[in-house]
Structures are given as structure tokens and as C-alpha cells.
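The block underneath contains the structure these notes are about, expressed in C-alpha cells.
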Amino acid sequence: MTYLAQEFNPFDGVSPSFGPFAPLLESKFGMFLGLAWLIGFFVCAYFLVEAIARAAKAKRQGIGGDLDETRGELVRVAAATIGMASLPVVYAILVSA
């Protein structure tokens, strides 16, 4: 039993790091911003799934007017979700520059 515990562990010496976000997450304001981003991202993802379901339902039922409206909503929600997902990348680029 102890033989298995002494085998090679690829995670020896590895410690988690938030990289460029570490200084931001040390303050309460930074943690609040991170939490606000997380909640916003989950809201956008929820509305994206809902818009996809509405578009599929409109397509299945053959309702042309609803399909155009839901596709427009789907594009807007997808753009918002992509924007929310890219915010940490933009922040990391601005901080490292």
C-alpha cells in the first residue's frame, strides 16, 4: 500500500497561481470585481443557453417571425458572452504591457 503512495507524482512542487490576477485578488475590491465578473459570466451563459433553446423551438415549429427575432437575440447574447469571456484576457494583456 505504501509503495503506491511513494511512486512518481507529477504534481510535486507545483503550486497554484493566479498569474497576472494575483495582485488584483489580494484586495477586497479585487475579489468583489472577480465575483461580479463570475456572476455576470454565468448570467450571460444562462441567457445564451436559453436563446439557443428558443431558436431551436422556433425553428422546429416553423415560426418565421419568431425565428428571426430569436436569432437576433442569440447573436446579441453570444456577443455578450464572448465579451465577458475575453475580459480577463484583455486585463492580463493590459497588466503585462
Side-chain angles (χ1 to χ4, degrees):
M1 188 76 150
T2 59
Y3 173 73
L4 292 176
Q6 294 175 356
E7 284 190 21
F8 174 71
N9 184 0
F11 297 108
D12 278 341
V14 175
S15 62
S17 172
F18 289 110
F21 303 106
L24 178 68
L25 295 175
E26 290 175 358
S27 68
K28 290 187 184 219
F29 180 70
M31 285 187 221
F32 174 75
L33 284 178
L35 180 64
W37 175 83
L38 180 70
I39 291 171
F41 184 75
F42 280 148
V43 167
C44 284
Y46 170 78
F47 282 122
L48 180 63
V49 170
E50 189 179 14
I52 290 170
R54 268 196 242 134
K57 181 180 177 184
K59 185 176 182 180
R60 193 175 336 113
Q61 292 178 350
I63 305 170
D66 270 354
L67 187 58
D68 290 337
E69 182 180 326
T70 55
R71 280 187 181 160
E73 180 183 353
L74 181 61
V75 169
R76 286 190 303 273
V77 173
T81 306
I82 291 169
M84 286 296 290
S86 66
L87 278 178
V89 175
V90 170
Y91 174 80
I93 290 171
L94 292 176
V95 166
S96 66

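Keep in mind that this is a model prediction, so the values were computed, not measured.
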- Task: Write down the atom of Phe21, the atom of Pro88, and the distance for their closest heavy-atom approach.
- Result: CZ-O, 3.3 Å
- Query: Taking Val77 as the fixed residue, which of Ile52, Val49, Leu48 is the one that meets the side chain to side chain contact (heavy atoms under 4.5 Å, CB included) rule?
  - Reply: Leu48
- Message: If you compare all heavy atoms of Leu25 against all heavy atoms of Gly30, which two are closest, and at what distance to 0.1 Å?
- Response: CD2-O, 3.9 Å
- Note on the structure: OG1 (Thr70) and NZ (Lys59) are apart, to the nearest 0.5 Å, by 10.5 Å
- Query: Which hydrophobic side chains are connected to Phe42, either touching it within the sub-4.5 Å cutoff or through other members that do?
  - Reply: Trp37, Leu38, Phe41, Met84, Leu87
- Roughly how far apart are Leu33 CG and Ser27 OG, rounded to 0.5 Å? 7.5 Å
- Task: Flag yes if more than 12 heavy atoms outside Tyr91 fall under 6.0 Å of its OH atom; otherwise flag no.
- Result: yes
- Message: I'd like to know if Val43 and Leu35 are part of one continuous hydrophobic network [Ile/Leu/Val/Met/Phe/Trp/Tyr, side-chain heavy atoms within less than 4.5 Å].
- Response: yes
